[in-house]
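In what follows, a structure is listed as C-alpha cells, so that the remarks can point back to it.
Here, residue 1 is the first one in the sequence, and each next residue gets the next number. For the numbers below, each heavy atom of this structure counts, side chains included, while hydrogens, waters and symmetry mates do not.
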Amino acid sequence: MTTLKASKQGLARIKQAREKKGWPVADRNWLEAASVFLGVNWEKTGYLAEGISEGTWSRFLAGKRPINAAAFQAYCTILGLNWEEVVNRTQRLDWDSAPDLPSFYGRAKELATLKQWIVKDRCRLVTILGMEGIGKTALAVRTAEEIQDEFEYVIWRSLRYTPSIQTILADLLKFLFQHKTDIPDNIDSQISKLISYLHKHRCLVILDDFETALKSGELAGRYCEGYEAFAEIIKRVGQERHQSCLVLASGEKPREIAFLEGETLPVRSLSLTGLQETEALEIFREKGLYDQEKWRKLVEIYPTNPLVLKIIAAVIKDSFNGKVGEFLKHNTIYLGYISDILDKQFERLSSLEKEIMHQMAINGQLMSLSQLREHIPSQVSTSEIIYVLESLLTRSLIEKIPSDSELIFTLQPIVIKYVRSRFNR
C-alpha cells in the first residue's frame, strides 16, 4: 500500500488551511467530507471510506507517520490544498505493523539516550532489550517518530509471526529499490545488496520482536534453524562503515552483539527496567483507580512493567470497583493474566535456567553465586552456573545487586510466586 506524509513546510500549510476553515480538529466534518471525496457518503452508507478515520486524520495533522495515499490526498483536497505541494518527496517511510501509541509513559532518559546514540553518535546497530510488556516496542516507535527526519528511509518490520529471513530480506530490498532492481535468490547476495544500500543511503531499519528468531529451550541468544544468517547481518552492520542504523527490539540479546558493543563503539545495547514510580502511578491515574494514597503499595508489590501494571489496574477496576484498598485487604499477589506474560518467558528457558530460578524461589529472594553453588548438583560446573546467570540477566528474569563482598542475585516477589506455582503444577 502506498503511503504519504507531509513535509515540514507542508505541515505549516496544512495548519494554516485548517485554521482558515474554522472547524475544530475533532469535528467529524473532516472525516465525512474526505469520505465523500473518495466516493462514500456517510449519511447514506453509515460508514466511512477505507482509510478515513480519526486515527489517519490525527496522523495526517501530526505528520509523524505516513498514511494511506488516498486518505492523504482526500484530506488535502478538503483543505483546499494541492497534495503534491504538501507531500514529503525526499523521504520514504514504511511503518508496516508498527503500533500507534495512544499513551506513552515516561522513558524520557531512555528516549534521550537512543536519540543521542543514533543521531549524534551515529551508531550503526542498537539493541533495545527487556522482558515482555516492558515497553521495548513503544520506545522504539517513539524514538523512530522523533528522529525520522534524519533519515531518507524508515522501515519497520516485526518478526512476531516468524517470516523466513529470505522473506524479510526480499521485503526490505523491494521497498528500498522500489522494484527497480532484481532481487537475488541467494541469501548472501541479498545481504550484500542490503548492506550496499545502507552504505549509499541513510536508512533507519527497525526489527521488532527479534527474539522470535532465537531458540527456545537453550541459553539466550542462539538462532533458530533457518535464521542463522542474522548473525552475518549483525556482524556486517556492526563492523562495516556506513551511514545507516539497524535497531533490534528483543527479549534477549543475540550472541554476536556482546562481542561488538561498547560504550564508545558504534554498537550499543539499552536494557529496559521498570518505570519510575511517578510514571507507574500515572497508569493508575489513567485507569481511574481510587485510594491514591495506597497506589505506592502496588508499586512495591508488582514490577513496574507497564503491561503488568495495566493488568493489575484492570483487575482492580473490574473486580473491586477501582478500590485499591479493597484489593490490598486480601494480602495476596495476583498472578492471573500476568502468568501468560511469564509463561512466554519461562518456556524459552533451558532446563538449567529453570532449575536456578527454582532454587532462588525456594531458598531465598537474595542469593550469591556461592549460595547458589550449594544448591546446584556438583556435576554442573561453576562456570556453567555463571553462564546461566548471564543468560537469565539478559532475559530480564533475574536482577543483580552489587554488594561489598559478592554480587547478589534476586527475583521480584511476583516472579517468586510464579516460579513456585509453576513447579507445584
Side-chain angles (χ1 to χ4, degrees), residues 130-135 211 216-217 220 251-252 271-277 279-281 283-284 287 289 291 294-320 322-369 371-372 374-376 385 388-389 391-401 407-425:
M131 71 178 298
E132 179 93 5
I134 201 68
E211 71 276 0
S216 294
E252 57 190 75
S271 295
L272 295 188
T273 55
L275 297 173
Q276 297 295 316
E277 183 181 275
E279 299 162 357
L281 298 182
I283 293 178
F284 302 149
K287 295 295 184 181
L289 299 188
D291 306 329
K294 300 182 186 296
W295 290 0
R296 284 186 171 82
K297 184 64 177 176
L298 289 179
V299 173
E300 291 174 10
I301 298 171
Y302 297 94
T304 51
N305 175 311
L307 182 55
V308 169
L309 294 180
K310 288 177 183 178
I311 291 172
I312 290 299
V315 169
I316 295 173
K317 186 75 174 178
D318 294 341
S319 301
F320 296 89
K323 298 176 181 178
V324 174
E326 289 298 316
F327 172 75
L328 292 174
K329 280 182 183 178
H330 293 273
N331 195 30
T332 185
I333 297 178
Y334 171 85
L335 281 176
Y337 294 118
I338 298 171
S339 292
D340 295 341
I341 300 172
L342 294 172
D343 279 343
K344 290 180 183 178
Q345 298 280 106
F346 206 77
E347 291 300 331
R348 296 188 63 83
L349 303 183
S350 67
S351 57
L352 190 51
E353 284 176 298
K354 292 176 181 178
E355 178 58 24
I356 284 181
M357 288 192 69
H358 184 213
Q359 292 301 327
M360 292 179 69
I362 63 176
N363 289 300
Q365 185 177 354
L366 302 174
M367 295 189 75
S368 67
L369 175 60
Q371 290 170 323
L372 273 170
E374 294 174 5
H375 295 281
I376 302 298
I385 297 174
V388 169
L389 289 171
S391 181
L392 289 170
L393 285 168
T394 195
R395 296 184 196 270
S396 304
L397 283 173
I398 65 172
E399 298 173 358
K400 57 184 178 182
I401 303 173
L407 196 64
I408 301 297
F409 299 93
T410 183
L411 298 176
Q412 293 178 335
I414 195 168
V415 177
I416 291 176
K417 180 169 182 177
Y418 169 81
V419 174
R420 287 175 177 174
S421 69
R422 177 96 188 192
F423 277 86
N424 289 331
R425 288 179 185 177

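- Across all their heavy atoms, S216 and E347 have their closest contact at CB-O, 4.0 Å.
- In this structure, a donor-acceptor pair under 3.5 Å is absent between the side chains of Q345 and E132.
- Of the possible polar contacts, one joining the S421 side chain to the Y418 backbone as a donor-acceptor pair under 3.5 Å is found.
- When all heavy atoms of A220 and S391 are compared, the pair lying nearest together is N-OG, 2.8 Å.
- The ring pair (Phe, Tyr, Trp, His ring centres under 6.0 Å) check on H358 picks up F423, with sequence neighbours excluded.
- Between L281 and R296, some side-chain heavy-atom pair lies under the 4.5 Å cut-off.
- Using a 4.5 Å heavy-atom threshold, the side chains of I341 and I311 count as touching.
- For the residue pair V419 and A361, the shortest heavy atom distance occurs at CG1-CB, 3.8 Å.
- Atom CD1 of I414 is separated from atom CD1 of I338 by 3.5 Å, given to the nearest 0.5 angstrom.
- Remark: E399 CD to L393 CG distance equals 9.0 Å, nearest 0.5 Å.
- Within the model, atoms CG of L309 and OH of Y302 stand 10.5 Å from one another, a figure rounded to the nearest 0.5 Å.
- A280 approaches V299 most closely through the heavy-atom pair CB-CG2, 4.1 Å.
- Note that OG1 of T304 is 7.5 Å distant from CD of Q412, once rounded to the nearest 0.5 Å.
- Looking at heavy atoms from C-beta onward, Y334 lies out of side-chain contact with I301 at the 4.5 angstrom threshold.
- Expressed to the nearest 0.5 Å, how far OG1 of T410 lies from CD1 of I401 amounts to 5.0 Å.
- Looking at heavy atoms from C-beta onward, N363 lies out of side-chain contact with Q371 at the 4.5 angstrom threshold.
- The pair E211-R348 does not count as a salt bridge, with every side-chain nitrogen at least 4.0 angstrom from each carboxylate oxygen.
- Summarising the local packing, NZ of K317 is surrounded by more than 12 heavy atoms from other residues, nucleotides or ligands at distances under 6.0 Å.
- Listed here is the closest heavy atom pair of L289 and A313: CD2-O, 3.6 Å.
- To the nearest 0.5 angstrom, L411 atom CG is 5.0 Å from I416 atom CD1.
- Environment of NZ in K354: crowded, with over 12 heavy atoms of neighbouring residues, nucleotides or ligands closer than 6.0 Å.
- Listed by chain and number, the residues in a salt bridge (Lys or Arg N to Asp or Glu O under 4.0 Å) with E374 amount to none (sequence neighbours excluded).
- The environment of Q276 atom CD is sparse: at most 12 non-hydrogen atoms of other residues, nucleotides or ligands sit within 6.0 angstrom.
- In this structure the side chain of M367 reaches within 4.5 angstrom of the side chain of H375, judged on heavy atoms.
- Contact annotation: the side chain of L349 approaches that of L397 to within less than 4.5 Å [non-hydrogen atoms, C-beta and beyond].
- The minimum heavy-atom distance linking G133 with P306 is given by the pair O-CD, 3.3 Å.
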Let me have the donor-acceptor pairs involving side chains of residues 322-333, under 3.5 Å, with sequence neighbours excluded, atom names and distances please.
unit_1, atom_1, unit_2, atom_2, d
E326, OE2, K329, NZ, 3.0
T332, OG1, K417, NZ, 3.4

